[in-house]
Amino acid sequence: MRIVTLTKESTKDILENLLKRSPSQYGTYEASVAEILENIRTQGDGALFAYTEKFDKAKVTKETIQVTEEEIREAYDLVDPGLVEVIRKALKNIQSYHEKQKQNSWFTSTEEGTMLGQKVTPLSRVGVYVPGGKAAYPSSVLMNIVPAKAAGVEKIVMTTPPGADGKITPTTLVAAKEAGADEIYKAGGAQAIGALAYGTESIPKVDKIVGPGNIFVALAKKAVYGHVSIDSIAGPSEILVIADESANPRYVAADLLSQAEHDEMASAILVTTSSDLAQKVKEEIEGFKEVLSRREIIQKSLDQFGYILLASNMEEAIEAANAIASEHMEIVTKNPFEVMMRVKNAGAIFIGENSCEPLGDYFAGPNHVLPTNGTAKFFSPLSVDDFVKKSSIVYYSREALGKIHKDIEAFAKAERLTAHANSIAVRFEKEGEQKES
């Protein structure tokens, strides 16, 4: 893992390198994704079943595409009861956190005869995409379904790719049942996104699609945005650790590798004011790589997007961290809460040496669906807000409108929108006639 002295030039180079990981850079796949989406839109189930057989090697039909209660019961029999209990504990924490995010409609009125407000309404249908194949991500199931349930979404439709045997990973099914998915379908990839966006004979159209996926899923979500809403176009995972000489190098190294193991495009960055810590962390990483199961992926990730940045002071370190705007940020310093107050851009912030990133991935409660690729500068974690829409409420009595109608007419005329002005004026034209007479 390379050690780089932090300068404005090195920060710029790193940012440019990290941006290469954005799904927006993979234009070569867009034509294939567009073809899949168009076929799903025009051919419905026929195309969906054909793509499922082609890509997932599984034969599904209108009768078998939806997961049955019997299949869910079978999944519970296959999952260790201890793991089911862990899922329930995590679920409770996640529910508790997201319940606090709920917003109510509000209204204010005045004696002049006006009422203004905001009406908060849950989305009717939400599609949750869950990756499948060789890996299982029950934690992602919880993180995507729980805020939707807390928001009051009427129907939550989950899709996930089946194995070649036509079955869904048992832990995924158990997590979906525990979290409260209403319908679960055996469909993956860009074709599943198309089915959720356009609807097929088997899978209902939804209002919004959330959930992680590979590059084809990311590009499909990007393509259907506007036809439906989406949560984000997520890029590869990333972690940034701000540390000083007080940090435990073994802990820091372990935390950096926890993200580097995700995939070859993952990013792991340490920003430190201590050259001694930098060297020790580098040594610890070399030692861990020898015993970790995904060392080939880790090595490629670190070679491409791993950095140890040496800052001359904490101010410089924080400035670099804000510029990178990492998905996950750990602060391991003498005064971590003080540093946290100066951090502006991060998806999730973990404070102190015991608040490691996997705590947030699985158990603490805050959502682990976070902005990536520097988008933490303007995006937020997935939350209850993502599953509601807000309507403005306006009421004026005739008396209240009468006091300000000329102001509105003047404003409209200044913009040369005479129909706007007329819409107000017609309500008071008889009063004008009376005054003239």
Side-chain angles (χ1 to χ4, degrees), residues 1-4 6 10-11 13-23 25-26 131 133-137 139-140 212-215 218 234-243 247-272 277-310 317 320-321 323-332 346-350 353-362 368-376:
M1 196 170 178
R2 78 207 89 172
I3 298 177
V4 178
L6 191 58
S10 64
T11 302
D13 291 342
I14 290 167
L15 288 173
E16 289 178 354
N17 188 39
L18 293 177
L19 285 174
K20 294 175 184 176
R21 302 155 59 250
S22 170
Q25 300 296 318
Y26 291 82
K134 297 179 181 178
Y137 299 101
S139 60
S140 288
N214 61 19
I215 187 61
S237 190
E238 51 200 33
I239 186 171
L240 184 147
V241 180
I242 299 177
N248 183 319
R250 190 164 175 81
Y251 293 178
V252 172
D255 294 354
L256 290 169
L257 296 178
S258 74
Q259 295 309 290
E261 77 167 343
H262 268 294
D263 64 60
E264 297 170 6
M265 303 294 283
S267 168
I269 299 173
L270 167 63
V271 186
T272 182
L277 178 75
Q279 191 59 46
K280 287 180 179 178
V281 168
K282 184 175 181 179
E283 292 168 4
E284 291 285 356
I285 285 174
E286 293 304 314
F288 276 131
K289 281 192 303 185
E290 295 302 314
V291 298
L292 294 173
S293 62
R294 295 168 68 88
R295 52 184 169 271
E296 289 184 8
I297 291 174
I298 287 172
Q299 188 62 61
K300 289 180 180 179
S301 167
L302 296 181
D303 287 346
Q304 295 181 95
F305 306 109
Y307 298 92
I308 297 175
L309 304 179
L310 273 175
I324 294 169
S326 185
E327 177 188 18
H328 306 100
M329 179 184 293
E330 290 187 6
I331 302 173
V332 194
I349 303 172
F350 299 81
E353 68 175 20
N354 295 310
S355 305
C356 55
E357 188 279 336
L359 175 66
D361 264 357
Y362 297 110
H368 78 197
V369 180
L370 303 167
T372 58
N373 276 106
T375 60

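The residues of the chain are indexed from 1 along the displayed sequence.
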| note | Here the pair of heavy atoms bringing Thr11 nearest to Ala323 is CG2-CB, 4.3 Å
| task | Classify the side-chain pair Glu327/Ser237 by whether it contains a donor and acceptor separated by less than 3.5 Å. | result | yes
| said: Just to verify, which of Met329, Glu330, His262 counts as forming a side chain to side chain contact (heavy atoms under 4.5 Å, CB included) with Ile239? | reply: Glu330
| query | Do you know which two heavy atoms are closest between Val281 and Ala253, and how far apart they sit? | reply | O-CB, 3.9 Å
| field | Considering all heavy atoms, the nearest Tyr137-Pro131 contact | value | CD1-CB, 4.0 Å
| field | Nearest-0.5 Å distance, CD1 of residue Ile285 to CG of residue Leu270 | value | 8.0 Å
| query | Within a strict 4.5 Å, meaning less than it, do heavy atoms of the Val332 and Glu353 side chains meet? | reply | yes
| task | Would you name the heavy atoms of Ala321 and Ile242 that are closest together and state the gap between them? | result | CB-CD1, 3.6 Å
| note | Between Ala266 and Pro236, the two heavy atoms sitting closest are N-CB, 4.1 Å
| Any side-chain heavy atom of Ser140 sitting closer than 4.5 Å to one from Pro212? | yes
| Do other residues, nucleotides or ligands put more than 12 heavy atoms under 6.0 Å from the CD atom of Glu296? | no
| Atom pair OH (Tyr251) and CD (Glu284), whose distance is rounded to the nearest 0.5 Å | 11.0 Å
| query | Are the side chains of Asp13 and Asn17 in touch, meaning some heavy atoms are under 4.5 Å apart? | reply | no
| With a 4.5 Å limit on heavy-atom distance, are the side chains of Thr272 and Leu310 in contact? | yes
| note | Rounding to 0.5 Å, atoms CD1 (Ile298) and CG (Asp303) come to a distance of 11.5 Å
| field | CD-CD distance between Glu264 and Gln304, expressed to the nearest 0.5 angstrom | value | 7.0 Å
| said: How about CZ on Phe288, more than 12 heavy atoms from neighbouring residues, nucleotides or ligands closer than 6.0 Å, or not? | reply: yes
| task | Report the distance from atom CG of Leu256 to atom CD1 of Ile308, rounding to the nearest 0.5 Å. | result | 7.5 Å
| message | Walk me through whether Glu283 and Lys280 qualify under salt bridge (charged side-chain N to carboxylate O under 4.0 Å, His left out). | response | CA-CA 5 Å; Glu283 292 168 4; Lys280 287 180 179 178; over 6 Å; no
| Side-chain (Ser267) to main-chain (Phe305) donor-acceptor, under 3.5 angstrom | yes
| request: Mark yes or no for whether Asn373, through its side chain, and Thr375, through its backbone, hold a donor-acceptor pair below 3.5 Å. | output: no
| said: I want to check something: taking the side chain as every heavy atom from C-beta on, are Leu309 and Ile14 in contact at a cut-off of under 4.5 Å? | reply: yes
| request: Mark yes or no for whether Arg294, through its side chain, and Asp263, through its backbone, hold a donor-acceptor pair below 3.5 Å. | output: no
| Among all residues two or more places apart in sequence or in another chain, which pass the salt bridge (charged side-chain N to carboxylate O under 4.0 Å, His left out) test with Lys282? | none
| field | Between CD on residue Glu238 and OG on residue Ser301, distance to nearest 0.5 Å | value | 10.5 Å
| note | For Ala247 and Leu277 the tightest heavy-atom approach is O-CD1, 3.6 Å
